Amino acid sequence: MDLTDQIRQAISDIYDVPDFVVEHPADENKGDLASNVAMVLAKRERVNPLEKAKEIVDRLKESEQLKDNFSKIEVAGPGFINFWVKDKFYLGKLKEVIEGKNDFGKNLDRNKERVIIEFTDPNPFKVFHIGHLMSNAIGESLSRLIEFSGARVCRACYQGDVGIHVAKAIWGIKEMLDEQNQKIDQWEDIPLDKRVYEMGRAYARGAKEYEESTEAKDKIEKLNKEIYQRTDDSLNTIYDLGRRWSLEYFEKIYDTLGTRFNEYFFESDTSERGSELVREFLSKGVFEESQGAIIFNGEKYGLHTRVFINSMGLPTYEAKELGLAKAKFERFEYDKSIIVTANEINDYFKVLIKALSLIYPDLAFKTEHIGHGMLKLKYGKMSSRTGEVVSGEGLIDDVSVEIKKKMEETGKIKEITDVDNVIKKVAVGAIKYSMLKQSPGKDIIFDFETSLSFEGDSGPYLQYAYARAINIWEKGGRKELTDFDIETEISEEERQLIKWMARFEEIAEAAGRNLTPNLICSYLIELSARFNYFYTKCQVNGSEKENLRLMMTLATAQIIKNGLWLLGIETVEKM
RNA sequence: GUAUCUGUAGCUUAACUGGAUAAAGCAUUCCCCUCCGAAGGGAAAGAUUGUGGGUUCGACUCCCACCAGGUACACCA
């Protein structure tokens, strides 16, 4: 039982009060924990809050368990009760960190729950852009937070391999092949990333023509049908090769990003079954026919109306999504299904989940859509490299260049053997951190100059603190001791640090429960700041308290590592 | 137009879901490497939390109105 619960318990043992708060006061001079019970009770009983608080404190001081962990309980301000924690509690926690290693901080909030989480969702034939990077960063972090809470997680990726966008891309590819007088298999000689880049260009071209020329539009729509029916061999070859290349390329990116999907779903698998569902429930009154299309009248439920099967008889994304819900359940029996996308389709998902609830109520009940903020670009120097839409890989490359410069400046680069690997980890860390550090759902104004800072509130700041800690610990002989005396005296600088370490568990639990990786970010920044301050104030190696301080250093590194893992960011020992 | 989200220091964001003197990072100004990693540390300065009401011991947080911006609203995903 953690300290907060101990206090809650002690209070509940004496008073019958349902609604009160035990929290960490913002100002540490006001104690380590505080409660507002007295104010709640005083209001109910119409008595003076300060006197009530005094009465409560007197009774709490008799509690044996509180006596054990708290050194002081006091009344303050308008009637708050403040609690001071004994140092030995914190020193005990230090041992837990060292013993717990990578498991330190795990909780059982979602013990044995089965959660499927869908994210990233790039479309074959199209560019993997920074929006996908964002979805991936958030989805991967949520997956890890949920796993950290004891759940079994299935990472799922859903990709649109059929539909008009594919036809646009293929139309573009055909145009390009004609101009170059080439056949599609000749593209195999081009490196994979360049090949995929060409397909992205082909898509852009098709999309543009689709808008601008009615002739091209007709052709593309005809292509769409042909692709769907697989009647034309040469078309099938282009489609199959292009699809494969895209998917291979995505795998490469997932590898650098640190995601491994357990299940892949494709629109080509879900469209037929989606159509069937819609037609089946059309007769049951869930859907309606209107202007040749089959729609879901969301207005009946205060939402908006959406088309599920268009007037050409083809299923839209909406219909496919219905098929997907069931397909997911068949592959992974879930207690909860989370779908991560950009927030621009929040309303769309409300309609979808409503429709789903009329078809598969149990599945709809388990489904939750999380809309993350959009990445808004503010163009700076670095993005001018290509002068085009910034692709995910392009961003990683651009950041890598800056990281390398920095490493050359500091001279550390000479001591590192696998330089490219380290650069990639730091670059990905910088990008992911900048996407995770703010509350989910809010848009991110992405400025290359400031968003990707390597100082202060940034991924590299955390990685740097880790590298520094490991370095000091290394010099101290890589010891792992847990037999230090927990009754030992500690200084203020030391206390500030270990006190903060003791909060990791509750932060990880809160982040896992609310699905808010940003809590981990701000926690880790504060931890690193405290460690850096400790470092300037307290000599570790060669000091009288060497062993204790080495363990504080090791524990700091361990928590940074565990926290970064939750963010999907890797640590490096040198950078 | 309707729905919905957002508005906090010059900029980008916090604030433990109603708590105590609103907290950081960039940027600006000043210190600190003969000592374990200066991608660091310390200090200064910077705020009428969009505006106006309301609810109560207590409001950035809840309610109402207004202002400004984003997004979505029938065959794209």
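What you see is a predicted model; the values in this text were computed from it and never measured. Residue numbers begin at 1 in each chain, while the letters A, B, ... track the order of the sequences.
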Student: Base, sugar-phosphate or nothing for A:A510? Non-hydrogen atoms, less than 4.0 Å.
Tutor: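 Nothing, no heavy atom under 4.0 Å.
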Student: Taking atom types as modelled and ignoring hydrogens, do the side chains of A:K475 and A:N471 form a donor-acceptor contact shorter than 3.5 angstrom?
Tutor: yes
Student: Could you work out the separation of B:U49 and B:A20 based on their P atoms and round it to a whole Å?
Tutor: 14 Å
Student: Picking from B:G40, B:A77, B:U17, which would you name as closest to the side chain of A:E267?
Tutor: B:A77
Student: Identify whether any heavy atom of A:Y464 sits under 4.0 Å from a base atom; if not, whether one sits that close to sugar-phosphate; answer base, sugar-phosphate or nothing.
Tutor: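 Base, at least one base heavy atom under 4.0 Å.
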Student: What integer number of Å spans the P atoms of B:A14 and B:C57?
Tutor: 31 Å
Student: Taking the P atom of each, how far is B:U61 from B:U56, in whole Å?
Tutor: 16 Å
Student: Is it true that A:Y301 and A:F296 have ring centroids separated by less than 6.0 Å?
Tutor: yes
Student: Given B:C36, B:C57, B:G70, which nucleotide is nearest the side-chain atoms of A:N471?
Tutor: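 Selected nucleotide (nearest to the side chain): B:C36.
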Student: Is A:D5 salt-bridged to A:R8, going by a charged N under 4.0 Å from an acidic O?
Tutor: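 No, this pair does not count.
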Student: Considering only side-chain heavy atoms of A:K320, which listed nucleotide, B:C57, B:A77, B:A39, is closest?
Tutor: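 Selected nucleotide (nearest to the side chain): B:A77.
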Student: Let's test your reading of the model: under 3.5 Å, does the base of B:C75 pair with the side chain of A:S311 as donor and acceptor?
Tutor: yes
Student: What is the distance from CG of A:N224 to C1' of B:C75, rounded to the nearest Å?
Tutor: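 Answer to the nearest Å: 13 Å.
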Student: Return the value, rounded to whole Å, for the distance between atom CD of A:E211 and atom P of B:A77.
Tutor: 14 Å
Student: What's the gap between B:A23 and B:C62 when it is taken at their C1' atoms, as a whole Å value?
Tutor: 23 Å
Student: Which of the following nucleotides, B:C75, B:A39, B:G41, is nearest to the side chain of A:A529?
Tutor: B:G41
Student: May I ask you to check whether A:Y348 and A:Y317 place their ring centers less than 6.0 Å from one another?
Tutor: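 Judged by ring-centre distance (under 6.0 Å), A:Y348 and A:Y317 do meet the cut-off.
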Student: Between the side chains of A:Y433 and A:D457, does any donor sit under 3.5 Å from an acceptor?
Tutor: yes
Student: With A:E409, which residues qualify under side-chain contact (heavy atoms from CB on, under 4.5 Å), at least two apart?
Tutor: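 Result, side-chain contact (heavy atoms from CB on, under 4.5 Å) vs A:E409: A:K406.
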Student: Should B:U29 form a Watson-Crick or G-U wobble pair with both distances under 3.5 Å, which nucleotide is its partner?
Tutor: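 Paired with B:U29, as far as the under-3.5 Å criterion goes, is B:A43.
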Student: Between B:G46 and B:G53, how far is it from one P atom to the other, in whole Å?
Tutor: 27 Å
Student: Please state the P separation for the pair B:U71 and B:C66 - nearest whole angstrom.
Tutor: 23 Å
Student: Rounded to whole angstroms, how far apart are CD on A:Q438 and C1' on B:C26?
Tutor: 15 Å
Student: From the list B:A77, B:C76, B:G25, which nucleotide is the closest neighbour of the side chain of A:D457?
Tutor: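 Selected nucleotide (nearest to the side chain): B:G25.
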Student: Send over the distance from A:I339 CD1 to B:A77 C1', rounded to a whole Å.
Tutor: 14 Å
Student: Rounded to whole angstroms, how far apart are CD1 on A:I520 and C1' on B:C16?
Tutor: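 It works out to 13 Å between those atoms.
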Student: Sticking with atom P, work out how far B:C16 lies from B:G10, rounded to a whole angstrom.
Tutor: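 The same atom, P, in both gives a distance of 23 Å.
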Student: From the set B:C36, B:A39, B:U17, return the single nucleotide nearest to any side-chain atom of A:N541.
Tutor: B:C36
Student: Can you tell me the Watson-Crick or wobble partner of B:A3, both distances under 3.5 angstrom?
Tutor: B:U71
Student: Could you check how far OH of A:Y533 sits from P of B:A38, rounded to whole Å?
Tutor: 16 Å
Student: Would you check if A:Y535 stacks with the base of B:G40, given a 5.5 Å centroid limit and a 30° plane limit, both strict?
Tutor: no
Student: Reckon A:S439 touches a base, only the sugar-phosphate, or nothing at all at heavy-atom distances under 4.0 Å?
Tutor: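 Answer is sugar-phosphate: A:S439 comes under 4.0 Å of backbone atoms only.
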Student: B:G7 phosphate, OP1 or OP2: any side-chain N/O from A:K442 under 4.0 angstrom?
Tutor: yes
Student: Any idea which of B:A14, B:C16, B:C36 is nearest the A:V540 side chain?
Tutor: B:C36
Student: Apply side-chain contact (heavy atoms from CB on, under 4.5 Å) to A:V419 and list each qualifying residue two or more places apart in sequence or on a separate chain.
Tutor: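 Partners of A:V419 by the side-chain contact (heavy atoms from CB on, under 4.5 Å) criterion, ordered by chain and then number, come out as A:M407, A:I413, A:I416, A:I423.
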Student: Tell me which nucleotide among B:A14, B:A39, B:C36 gets nearest to the side chain of A:I403.
Tutor: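 Shortest atom-to-atom distance from the side chain points to B:A39.
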Student: Between B:C75, B:A77, B:G37, which one does the side chain of A:I472 approach most closely?
Tutor: B:G37
Student: Choose from B:A14, B:A72, B:C36 the nucleotide whose nearest atom is closest to any side-chain atom of A:D347.
Tutor: B:A72
Student: Expressed as a whole number of Å, how far does the P atom of B:C64 sit from that of B:U6?
Tutor: 14 Å
Student: Atom CD1 of A:I295 to atom C1' of B:C75: distance rounded to whole Å?
Tutor: 10 Å
Student: Provide the Watson-Crick or G-U wobble partner of B:U51, both distances under 3.5 Å; none if there is no partner.
Tutor: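 In the structure as shown, B:U51 has B:A65 as its Watson-Crick or wobble partner.
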Student: Is the closest side-chain donor-acceptor distance between A:T316 and A:E318 under 3.5 Å?
Tutor: yes
Student: Identify whether any heavy atom of A:H24 sits under 4.0 Å from a base atom; if not, whether one sits that close to sugar-phosphate; answer base, sugar-phosphate or nothing.
Tutor: base
Student: Hey, which of these two, A:E299 or A:D27, hits RNA chain B nearer its 5' end, going by closest nucleotide?
Tutor: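 Counting from the 5' end, the first nearest nucleotide belongs to A:D27.
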Student: Rounded to whole angstrom units, what separation is found between the NZ atom of A:K43 and the P atom of B:U56?
Tutor: 8 Å
